[in-house]
Amino acid sequence: MDTASQDLARLSVAFITLGCAKNEVDTTHMRARVVEAGYALADDPADADAVVVNTCSFIQAATEESLEAIFDAADLPQVASGRAKLVVAGCMPARYGDELASELTEAGAFVPCSREDDIAAVLAEVIGAPSQGGVAGPAAEDKLAGVSAYVKISDGCDRFCSYCTIPYIRGRYRSFPLDEVRAEVDDLVARGAREVVLIAQDTGRWGADFDDPSTLAVLVTSLAEEHADTWFRVMYIQPEGLTDELLDAVATHDNVCSYFDIPFQHADAGILRAMNRTGSGAEFNDLIARVRQRIPQATLRTTLIAGFPGETDEQFEDLCTFVEEADLDYIGVFPYSREEGTRAYDLAEQVDDDEKADRAQRLRDLSDAVCTPRVAARIGRTLDVLVEGREEDGQLFGRAMCQAPEVDGVTYLESGEVGEVRRVVIGDTLLYEMEGA
């Protein structure tokens, strides 16, 4: 190894990631490019020559959390003294652009989502060392994938929901080619992943923008048949994307989780139109019934927004009635977040913040009252559980196919090996957690 490569091998980079699983995937890709360029990876930001904060800016609360992480990184001794560099990446630079650079003078560089592939070159510039393509750095932790891993199948969004900043941050919708997705899945499975979670802003649209259009059902079928021992799970399917073809693909492959994450966002047709969305409570109930008819054991999750501008007491009560009557397993609830640059920001009849919080909490409580008995109804059922790891006290845990990562609780186990799919009988539940023996 020449002197330049030896010098570079001693330079390390740490990543701090905020936000959703899509950001986690972006960080994984940036880490890979950093390693390929010859940098080492530091687990502890306090030990790094450069700290990259991959930010989220979907809503104001996420922006504030990202800012806090940036300021914490800027206060690290080696960053504050100038011995190490701070790089701000991801959604915040994409959303705020030059305005951010003038406000966050602590950062040495800004890397919006569209430039994350250039992270190694950016680091070489701010650290003052050339990138050494092809020089492997010490990244042993990247040689093994987690038991469960995320794969992005597209980026961007064309829906322009009136409350959402994603199209302005991530750009227009673009599907990733089948061969590209397949190669990433192949790599993760080879490195030990037993579950692959397919994610995007709008997974159901995958392939529609190709010159020779394809479908999510084709993608799922291809992956499921190539990796018969791997679980596949699809997240964030808009109602329009839940086609009969996709239901058939899920129903006919035992290794595809019969789990459908469908963001309805509301149940009132008028509010949905104001959101620049389609549908109604009646249409959504028909969709749920269609899924249940084709796949009776399916698990259904949705997300709802409380306190959207103009939401009347009557419309909110109708939303509560929908929650009580809809045949759903999991419901995520969020208060409306007023975001500059979106069309909903200037809508009249903005709901008071306290009222939004109250409505969101009432809807959460109602959702828990409806959904936790559905979890308890699994007592006595035999389920396959993917063993994921141990908690700090040594308790073994995993997830069944009806539990998506990070949002639906876990299943506690008496025995098993990490990475094993274990068949257990559910003996008890506590809210969204299950116990298997």
Side-chain angles (χ1 to χ4, degrees), residues 21 25 145-154 175-200 202-208 210 213-262 287-301 327 329-330 378 381-388 398-405 407-408 411 419-424:
V25 174
V147 171
S148 179
Y150 292 99
V151 170
K152 279 174 61 174
I153 64 173
S154 68
S175 302
F176 298 156
L178 174 60
D179 287 346
E180 185 177 314
V181 176
R182 180 188 286 125
E184 187 165 356
V185 171
D186 289 348
D187 177 62
L188 288 168
V189 172
R191 292 192 286 123
R194 295 299 310 276
E195 176 189 46
V196 173
V197 184
L198 305 178
I199 56 173
D202 186 355
T203 50
R205 280 201 61 203
W206 182 88
F210 292 156
S214 188
T215 66
L216 178 60
V218 170
L219 174 64
V220 168
T221 297
S222 175
L223 296 175
E225 293 179 354
E226 289 173 11
H227 300 283
D229 295 328
T230 303
W231 287 8
F232 288 91
R233 185 186 303 274
V234 182
M235 301 294 289
Y236 214 78
I237 307 171
Q238 297 289 344
E240 301 88 341
L242 204 56
T243 63
D244 289 338
E245 182 190 18
L246 179 61
L247 291 176
D248 287 341
V250 174
T252 55
H253 294 89
D254 290 341
N255 60 326
V256 178
C257 301
S258 53
Y259 182 104
F260 300 96
D261 173 34
I262 318 165
L287 176 60
I288 292 168
R290 181 162 61 88
V291 175
R292 296 284 187 204
Q293 183 177 16
R294 182 66 181 90
I295 310 175
Q297 76 280 13
T299 302
L300 284 87
R301 159 178 276 277
D327 192 4
D329 297 279
Y330 299 105
R378 298 172 189 155
R381 289 179 56 188
T382 301
L383 300 176
D384 289 334
V385 175
L386 176 60
V387 184
E388 287 197 288
R399 283 180 298 102
M401 282 190 168
C402 58
Q403 296 173 306
V407 292
D408 297 332
T411 300
E420 172 190 9
V421 174
R422 193 167 186 83
R423 199 156 182 79
V424 303

Short side-chain to backbone donor-acceptor contact, T221 and A217, under 3.5 Å
yes
Is there side-chain contact between T230 and L188, with heavy atoms separated by less than 4.5 Å?
no
For the atom pair CG (D408) and CZ (R301), what is the distance rounded to the nearest 0.5 Å?
4.5 Å
Using a 3.5 Å distance criterion without hydrogens, assess whether the side chain of R233 forms a donor-acceptor pair with backbone atoms of Y259.
no
Can you name the residues that form a ring pair (Phe, Tyr, Trp, His ring centres under 6.0 Å) with F232, not counting sequence neighbours?
none
Mind running side-chain contact (heavy atoms from CB on, under 4.5 Å) on S258 and M401 for me, showing each step along the way?
CA-CA 7 Å; S258 53; M401 282 190 168; 5.9 Å; no
N/O donor-acceptor pair under 3.5 Å between R194 side chain and G146 backbone:
no
What residues, two or more places apart in sequence or in another chain, satisfy salt bridge (Lys or Arg N to Asp or Glu O under 4.0 Å) together with D186?
none
V234 side chain near V220 side chain, heavy-atom distance below 4.5 Å
yes
Between the CG atom in L383 and the CZ atom in R378, the distance rounded to the nearest 0.5 Å is 7.5 Å
Does the W206 side chain pair with the main chain of L178, one donor and one acceptor, at a distance under 3.5 Å?
no
Exercise: identify the closest heavy-atom pair between V291 and A298
CG1-CB, 3.9 Å
Which value, rounded to the nearest 0.5 Å, describes the distance between C402 atom SG and L300 atom CG?
12.0 Å
Can V25 and V151 be said to form a side-chain contact (heavy atoms from CB on, under 4.5 Å), step by step?
CA-CA 7 Å; V25 174; V151 170; over 6 Å; no
Run L223 and V196 through side-chain contact (heavy atoms from CB on, under 4.5 Å) and show every step you take.
CA-CA 10 Å; L223 296 175; V196 173; 5.9 Å; no
Set of ring pair (Phe, Tyr, Trp, His ring centres under 6.0 Å) partners for W231, sequence neighbours left out:
none
Any idea which heavy atoms bring M235 and D261 closest together, and the distance?
CE-OD2, 3.7 Å
Taking only Lys NZ, Arg NE, NH1 and NH2, and the carboxylate oxygens of Asp or Glu, determine whether E184 and K152 approach each other closer than 4.0 Å.
no
Would you find more than 12 non-hydrogen atoms of other residues, nucleotides or ligands less than 6.0 Å from D327 atom CG?
yes
Decide yes or no for T382 and R423: does some side-chain heavy atom of the first lie under 4.5 Å from some side-chain heavy atom of the second?
yes
Would you mind reporting whether Q403 and T411 have side-chain heavy atoms less than 4.5 Å apart?
yes
Heavy-atom closest contact (C257 atom, V250 atom, distance):
O-CG1, 3.8 Å
Is there side-chain contact between V387 and V147, with heavy atoms separated by less than 4.5 Å?
no
Whether the side chain of Y236 engages the backbone of L198 through a donor-acceptor N/O pair (distance < 3.5 Å, no angle test) should be reported.
no
Is D244 salt-bridged to R294, cutoff N-O under 4.0 Å?
no
Taking all non-hydrogen atoms of both residues into account, name the closest pair between G419 and L386 and its distance.
O-CD1, 3.9 Å
For L242 and L246 the tightest heavy-atom approach is CD1-CD2, 4.0 Å
Look at atom CD of Q293 and say whether more than 12 heavy atoms of other residues, nucleotides or ligands are closer to it than 6.0 Å.
no
Given 3.5 Å as the limit, does a donor-acceptor pair link the side chain of N255 with the main chain of H227, or not?
yes
State, yes or no, whether a side-chain contact exists between P405 and V197 at a heavy-atom distance under 4.5 Å.
yes
If only atom types and distance count, is the side chain of T203 paired as donor or acceptor with the main-chain N or O of I199 below 3.5 Å?
no
Between V421 and D229, is there a side-chain heavy-atom distance shorter than 4.5 Å?
no
Closest non-hydrogen atom pair between S175 and A208, with its separation
OG-N, 4.4 Å
Can you confirm whether R399 sits close enough to V385 that some side-chain heavy atom of one is under 4.5 Å from a side-chain heavy atom of the other?
no
